[in-house]
Amino acid sequence: MKKSAGRKIEIAVFISGTGSNLKNLIKFSKKNKRFKIKLVISNKKNAKGLIFANRNNINTKVYNFKKRSKDEKKMLNILLKEKIQIICLAGFMKILSKNFIKKFNGKVINIHPSLLPNYKGLNTHRRVLDNNEKYSGCTVHFVNSKLDSGKIILQKKVKILKNDTPKKLQKRILKQEHKIYPKALQMIVN
Ligand code: GAR
C-alpha cells in the first residue's frame, strides 16, 4: 500500500458482538499514529462493541444484512465517502459478497480463531478439542469470496492444555488474537 507522508491509514472495523478485537485495535491506533479507526459497522444493533466505539467518538453504522446487496451498496457509499482504505473484520459473522470484496481490491482482512486452513467456520474450539488436537491458534488473513479462506498474513499457535474447555481455550486464543491483529495490519501496510 502506498504511503503518503503524514496521512493516516483510515480503517473501518466490522463487528457482530463483544468487540474485544475492536477495542484492542482502537487502543493500538491511539498508540500508533499511522492508523485511524474511522468507522465501525455492525450487523447487530445491540453489539457491545458499538458502545465502546461511541465512547471513543467513532462513527457507527448498523446494517442488518436482511437484504445483503442493498446493505452492501449503502456500506460501499459510506466507505468511499469516508475514504476507508482497509476493512478489518473482527468477529463479523456475515459473509460479504465477491463483488463487495472486489471493490476493496484485496484490502479486507479477517481474524479467525483457528490455525487456518483447519477449522473454518463456527464452533472452532469445541471441534478442536473433540479431535484431540495438540495445538490450536488464530489466523489473520485476507478475505476472499470463500469462508475463512484468503491468503494468510499471520498466525499464532496456542497449545491445548490437559483440562481445556472451549471457554478456556477461547480466552487464551483471544489474548493472542489481540497481539497478532495489530501486527498483521502493520505488515500489510509496510
Ligand atoms: C474472535 O475470536 C474472532 O476470531 C471470531 O469471533 C471472535 C470475536 O470476538 N471470529 C470468527 O469466528 C470469524 N469467523 P470479539 O468480538 O471479542 O472481537
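For reference, positions follow the sequence shown, starting with 1.
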Looking only at heavy atoms, the pair that brings P166 and L129 closest together is N-CD1, 3.4 Å
Indicate yes or no: at least one non-hydrogen side-chain atom of I188 is less than 4.5 angstrom from one of F142.
yes
Contact check, side chains of L185 and I11, non-hydrogen atoms, under 4.5 Å
yes
With heavy-atom distances below 4.5 Å as the criterion, would you say the side chains of L39 and K61 are in contact?
yes
Is there side-chain contact between F52 and I15, with heavy atoms separated by less than 4.5 Å?
no
Indicate if V40 and I9 have the same hydrophobic cluster label, given that clusters are the connected sets of ILVMFWY residues with side-chain heavy-atom separations under 4.5 angstrom.
yes
H112 side chain to Y119 backbone, donor-acceptor under 3.5 Å:
yes
Would K94 and F65 count as a cation-pi pair here, with the cationic atom under 6.0 angstrom from the ring centre and within 45° of the axis?
no
Membership question, hydrophobic clusters at under 4.5 Å side-chain separation (ILVMFWY): are Y181 and L154 in the same one?
yes
Is it the case that H125 and S136 place a side-chain donor and acceptor less than 3.5 Å from each other?
no
Answer yes or no: is there a side-chain heavy-atom contact under 4.5 Å between L96 and F104?
no
Check whether any side-chain heavy atom of N190 sits under 4.5 Å from a side-chain heavy atom of M187, and report yes or no.
no
Should we count NZ of K38 as having more than 12 external heavy atoms under 6.0 Å?
yes
Taking the side chain as everything from C-beta on, heavy atoms only, tell me whether I37 gets closer than 4.5 Å to N56.
no
Flag for N144-S149: side-chain donor and acceptor within less than 3.5 Å
no
Over 60° means perpendicular and under 30° means parallel, so classify the ring planes of F28 and F35, tilted if in between.
tilted
According to the interplanar angle, ranging from 0 to 90°, do the rings of F92 and F14 count as parallel (below 30°), tilted (30 to 60°) or perpendicular (above 60°)?
perpendicular
Considering only heavy atoms from C-beta outward, does the side chain of I78 approach that of Y63 to under 4.5 Å?
yes
